[in-house]
Structure formats: structure tokens, C-alpha cells
Amino acid sequence: MLVGMADPQEVLSRRVQSALGAAFGADFAETDPVIRPSQFADYQANAALALAKRLGRKPRDVASDIVAQLDIDDVCREVEISGPGFVNLTLREEWLADRAQDLLTDPRFGVPTQSPQNIPIDYSAPNVAKEMHVGHLRTTVVGDALARILEFLGHNVIRQNHIGDWGTPFGMLIEHLLDVGEHSEDAELVKTDPNAFYQAAKAKFDASAEFAERARARVVALQGGEPETLRLWRELVDLSKVYFNRIYTKLDVTLTDDDLAGESGYNDMLGAICDELERKGVAQMSEGALCVFLEGFTGREGKPVPLIIRKSDGGYGYGTTDLATVKYRVEQLKADRLVYVIGAPQSLHLQMVWGAARAADWLPDDVTPYHVQIGNVLGSDGKILRTRSGQPIRLMSLLDEAIERASTVVAETRPDLDDDSRAAIAREVGIGAVKYADLSVSHDAEYTFDFDRMLALNGNTGPYLQYAAARIRSIFRRGGLSPEEATGPVTLGEPAERQLALALLGFGPTVRTVGDTLEPHRLCGYLFDLAQTFTTFYENCPVLRAEGATRESRLALTAVTLRVLVRGLELLGVHAPERM
RNA sequence: GCACCCGUAGCUCAGUGGAUAGAGCAGCAGACUUCUAAUCUGCCGGCCGCAGGUUCGAAUCCUGCCGGGUGCACCA
């Protein structure tokens with residue numbers, strides 16, 4: 001199947017474009033025909049209004065010239081000039097049915113395969129021996145969805161989990177590990193309740209001068225590569241990996257240990273990075289620190305803001321490490337696009353890192369870095385989400401609460417199922433709800449965390465979409481056949497059938513757009529719309545009780561809808577249960 | 001002071017420079033001998049923060065204000 005064949009907007013674009021060339025000459029053959037969804041037809045071409053000025057003619061006359069040259073009878077059953085010069089296009093039912101039929105056998109559901117790019121995606125990035133918070137949750141969920149989507153579009157996605165596994169806190173953490181004993185219960189806390197471990201270390205650091213002194217000495221030993229210290233450091237990292245993986249497993253994200261690309265991995269590059277920046281004249285000493293000053297970055301009172309790449313004590317900060325990620329991902333990973341899924345507050349920092357990388361010639365013009373800005377997650381009070389006592393919320397307990405709430409609902413609605421089945425549904429619905437809530441609002445806006453809303457069965461929620469899929473599966477179960485056995489042919493009679501077919505064709509273009517814009521919430525919006533369109537179909541068009549060709553057609557439409565819903569949710573990292 | 005994000009229905013949020021700005025929730029009125037009624041239908045609800053500008057056309061692009069959030073020299 002040709003790429004784009006299933007996308008009406010693209011087909012109409014080509015046809016109208018040909019008409020533009022035929023009507024107004026070769027100069028106009030490249031003009032954007034401005035095909036948009038229409039409330040008065042399926043689509044409308046708005047090119048005439050824009051061209052009228054350029055041609056010095058009335059828009060309606062331009063429109064009628066376009067229509068006169070339009071060879072589109074096989075695709076549209078109605079072409080009408082309307083209003084000031086819109087060309088309304090109504091698709092033929094036969095054409096729509098054929099496209100829907102194509103989807104039935106298309107393993108990609110109309111999603112194009114793009115020419116592959118190498119795309120490192122930086123996301124999740126929790127810290128060793130620290131609790132992940134809701135901010136990490138969001139970058140993890142959004143980053144993972146983007147990774148899945150870009151992969152499905154044919155790209156070579158390289159997941160980069162830039163964990164915080166280096167820095168001065170490790171002196172304190174290692175000393176605390178020694179104090180409590182390496183295989184003690186306290187040490188095991190890193191796997192289950194890392195903040196308890198961290199807070200204990202911090203409390204000692206603040207309270208005991210002796211301990212603080214040991215911690216500082218330990219940092220020096222760590223940086224010096226002293227073998228026993230490195231071993232202890234690795235021990236902490238390994239314990240943390242257990243914690244990360246517990247979260248990732250519960251969340252059902254694709255990250256594995258193979259994707260770990262922590263700060264420590266860049267240590268060997270940092271010295272050379274500073275040297276090269278200094279040699280190239282990009283960096284200079286200021287107040288004892290090696291800094292990059294860039295045009296246009298000023299802080300308070302108009303003072304230039306530096307990107308500090310070597311602190312006055314000789315140590316390196318995250319600016320240096322982040323620069324190293326750019327260099328590494330461009331040179332070693334051969335990145336075509338750089339994607340950083342990181343909190344919105346880091347915007348200025350990343351701009352400076354990229355500016356410095358460009359100045360050092362480490363970031364070629366044809367490699368574009370993207371900051372997928374992740375907005376803060378707020379509580380119902382409009383402030384950063386915390387527990388009532390002011391503590392950051394433990395991610396694991398938050399996920400467990402979502403599952404718990406889901407299981408309460410499942411217990412009420414599905415008493416007929418056994419406990420294991422109900423528990424499995426509750427897990428998928430609870431986790432799906434949390435993930436979908438993170439994904440369904442634009443990633444750069446803050447969003448208000450609300451269990452009741454995200455678990456609601458109405459509205460743009462995970463459970464609503466899961467339910468739509470479950471209900472479709474139920475149709476096939478009841479009918480005693482599998483979705484694969486529905487082979488059509490598709491014929492479109494009822495308006496609800498027609499609307500459903502049209503909606504299904506939108507999947508491919510939507511996924512492509514999400515890959516381009518890195519905005520997963522658009523896919524959520526599409527799936528929600530599809531689910532609503534299906535529901536209208538479900539209400540108006542009996543499937544199993546229909547007969548003959550109508551039944552076959554409706555089964556086929558239902559099967560395609562199921563596949564698109566399931567695949568769409570999968571691209572978001574949300575699993576659709578068999579029943580719920 | 002500089003930078004980024006936000007401002008759209010009572011609430012939470014969508015909205016590709018195109019015609020009369022949408023959805024969910026809440027509110028009101030309805031629908032179940034039915035393939036899963038946890039799903040549906042209808043109604044109500046808007047100076048799209050304000051003011052200019054660009055344009056045939058602006059919620060959308062530009063400029064300036066107002067209001068809210070966040071970040072801005074050695075934590076990462």
C-alpha cells in the first residue's frame with residue numbers, strides 16, 4: 001500500500017494541487033491547497049481565498065476555476081463552492097469503504113513508515129537513593145510514549161535514562177551505607193523506600209561534624225576512583241536499580257537496565273570538554289569558575305548568566321554533563337534529532353547548553369535539539385503536589401492508590417469475575433488512568449492531579465478508552481468469532497458507519513503528526529474522538545443482530561476500531577484489558 | 001530586570017490562519033425486556049485576559065500591557 005493512500009486529507013491535497021496547476025499554471029502547482037476538516041462537508045479546500053489576492057480575482061471565481069479543473073469524481077461524490085470561496089468536498093461512500101477495507105489488512109493501520117532517523121530520547125532520569133516524584137512520573141510516561149511512537153514510525157530510538165548517579169551526595173550516602181551495614185535492613189530500604197535512606201544520611205550529615213567530615217573525604221575518594229569506594233558506590237546504584245525497575249514494571253514502561261545512561265558515564269569526557277571549550281575560546285574563567293557566556297543570556301540586573309562547566313573547586317556540575325550528552329549523542333549515537341523530555345523549569349539551562357554546544361561545533365545545524373517541556377504536577381490546591389504533611393508524595397503509594405481505587409470499582413461492577421481477573425483489571429485500569437492523565441493534557445502545561453477525574457469512565461480518560469475496547473472484544477466473544485475472522489467487505493449505509501470509517505482513517509495522520517510535534521496529547525484526543533464515534537455507531541448500528549452483508553461490514557468496522565484503539569493505547573503505553 | 005510556560009464555559013482542558021469556538025465534569029430534562037447502562041440523547045452555559053497591528057479572514061501570527069506560575073553563579 002502506498003504511504004498516505006488512506007489519508008483523505010493527503011489524497012484531496014494532491015488532487016486539488018493538480019487542479020491548481022492546471023488552472024493557473026505551473027507556478028501554482030506547489031501551492032498549499034489548504035485542505036481542512038469541514039463542518040459543512042467532510043473536508044474543505046480553502047486555497048481560493050488565499051489565491052484571490054495573488055491572482056487579482058474574486059475568490060469565488062478562483063474557486064470555480066479550481067473546481068472546473070478538479071478530477072476527483074472517483075473520490076468525492078459532491079464538490080460545492082460555498083460562502084466566500086470555500087470548496088466543500090464530500091467523499092464517496094464507496095471510496096471511504098475501500099479505504100476502511102484497506103485498513104483491515106494493513107498491519108500499520110495507515111501509519112506511514114518514515115525514513116529512519118537516530119533519535120536519542122532523554123527521559124525519566126530519577127536519582128539514585130531518592131524517591132521518584134510525580135515530576136519523574138510525568139517525564140517517564142511522556143518520554144516512553146514518544147519513544148514508542150517514534151519507533152513505530154520507523155525511527156531508531158535510543159532511550160537514554162540519564163539517572164543521577166554521581167555527585168557530592170554520594171559521600172554522605174556511602175558513609176551511611178557503611179554505618180548501617182551493606183546488607184542490613186536499612187540498606188535494603190534503597191530498594192523500597194529510598195527517601196528513608198536518604199533522609200537518614202542527610203540527618204546525620206547535618207547533625208554530626210564527624211560524619212560530615214567522613215562524607216567529604218569519601219567524595220574525594222570517589223572522584224579519585226578509589227576501588228573500594230567505587231565498589232560501594234556501585235552497590236548503591238544497584239540497589240537503586242531495583243527500586244527503579246519496580247516502578248518501571250508497575251508502570252509498564254519500556255525502560256530497562258540497557259537504557260541507563262547516567263551522569264557517571266560521562267565522567268571521562270568532562271576534562272576534555274573543558275579543555276576544548278577553553279582552547280576554542282568558547283569558555284573563560286570568571287570568579288574562579290570556568291564558564292561559557294552566551295549572547296543574549298542575562299540574569300538579574302542585566303548581568304550575563306554563565307553556564308558553569310568547571311566549578312571554582314575544580315568539580316563539574318550538570319552543565320558539563322549535559323554538554324557531554326550532546327557531544328556523545330551527536331558523535332557516537334549519530335543523532336539526527338535530540339529529544340530531552342525534562343521539566344519546563346530547565347528551559348533556560350538547556351538553551352544555554354545547546355548554545356554552548358553550537359559554539360563549540362558539537363551540534364551541527366542539521367541536528368535539532370527538542371526540549372519536550374514537562375509542566376509541573378499540581379495538587380487540588382494549585383500547588384506542587386505534596387502530601388498533607390508537606391512531604392513529597394511517594395510514587396509507589398500513589399500508583400497503589402490508583403490501583404486500589406480501580407479495584408473498588410471493579411469489585412462493584414464485576415462480581416461475576418474471579419479475584420485474580422478483577423485484580424488484573426484493576427492494575428491495568430489504575431495504571432492506565434494515571435498514565436493517560438499525564439499524557440492527555442499538553443505536556444508543557446501544568447496539570448492538576450485528581451484521582452476522581454482520571455479514573456472516571458466518562459470523558460477523555462484511560463478507563464473510557466479501555467472500556468470501549470473491552471466492549472468491542474465482548475462483541476466478538478458473544479458472536480463466537482475472533483476479530484481476525486471479520487474480513488468485510490465494508491459497505492457504508494448508516495451515517496454512524498460512515499463517520500466511523502472516516503474517523504478510522506485519521507489514525508495514521510495523527511500518529512505522524514505526534515511524531516513530528518512530539519505531542520502525545522494529540523493522539524489521546526484522536527482516540528477519545530474515535531471511541532465516541534464508535535459509541536454512536538454502537539448505539540445506532542447493531543452488529544451481531546444485523547444480517548448478511550451488513551453484519552459482515554459492521555464486524556469489519558468493529559475489528560478495525562478495536563485494532564486502532566488497542567494499537568493507539570499501546571503507543572501511549574496503556575494496556576487495554578480483555579474485559580472490564 | 002531577563003527568559004520560559006500559562007490565561008478559552010462555574011471546574012478540568014482541547015482547538016492545523018478559515019464559515020456559527022469544542023469536549024468532559026458539574027447543573028437541568030430524558031433513555032435500560034437491548035452486542036457490557038460504568039458507555040447514551042437533549043438543554044443550559046463564552047467581551048477566547050486587555051489594547052493595538054498584520055491579513056480577504058485572528059482564540060491561533062506580531063508588538064505592548066495586565067494577571068498567575070517557574071527559572072536565572074558554582075545542588076542536579
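Everything numeric here is computed off the predicted structure, so don't read it as measured data.
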Task: Closest listed nucleotide, where the reference is the side chain of A:Arg478 and the choices are B:A76, B:U36, B:A73 - done: B:U36
Task: Out of B:U16, B:C74, B:U20, whichever nucleotide has its closest atom nearest the side chain of A:Lys311 - done: B:C74
Open item on the list: Between A:Gly299 and A:Arg579, which residue's closest nucleotide on RNA chain B lies nearer the 5′ terminus?
Closed with: A:Gly299
Task: Distance-only donor-acceptor test, A:Ser440 side-chain atoms vs B:A14 base atoms, 3.5 Å - done: no
Open item on the list: From OH of A:Tyr464 over to P of B:A23, roughly how many Å is that when rounded to an integer?
Closed with: 13 Å
- [ ] Report which part of the nucleic acid A:Ser474 touches: base, sugar-phosphate, or nothing (heavy-atom distance under 4.0 Å, all strands).
- [x] base
Task: Nearest-Å distance for atom pair OH/C1', residues A:Tyr316 and B:C75 - done: 18 Å
Task: Whole-Å distance separating the OH atom of A:Tyr436 from the C1' atom of B:U12 - done: 14 Å
Open item on the list: Under 3.5 Å for both donor-acceptor distances, Watson-Crick or wobble: does B:A3 have a partner, and if so which one?
Closed with: B:U70
- [ ] Would you mind pulling out the nucleotide paired to B:C50, Watson-Crick or G-U wobble, both distances under 3.5 Å?
- [x] B:G64
Task: Comparing A:Met580 and A:Gly167 on RNA chain B - which has the more 5′ nearest nucleotide - done: A:Met580
Open item on the list: Using the side-chain heavy atoms of A:Pro345, tell me which of these nucleotides is nearest: B:G71, B:A19, B:A73.
Closed with: B:G71
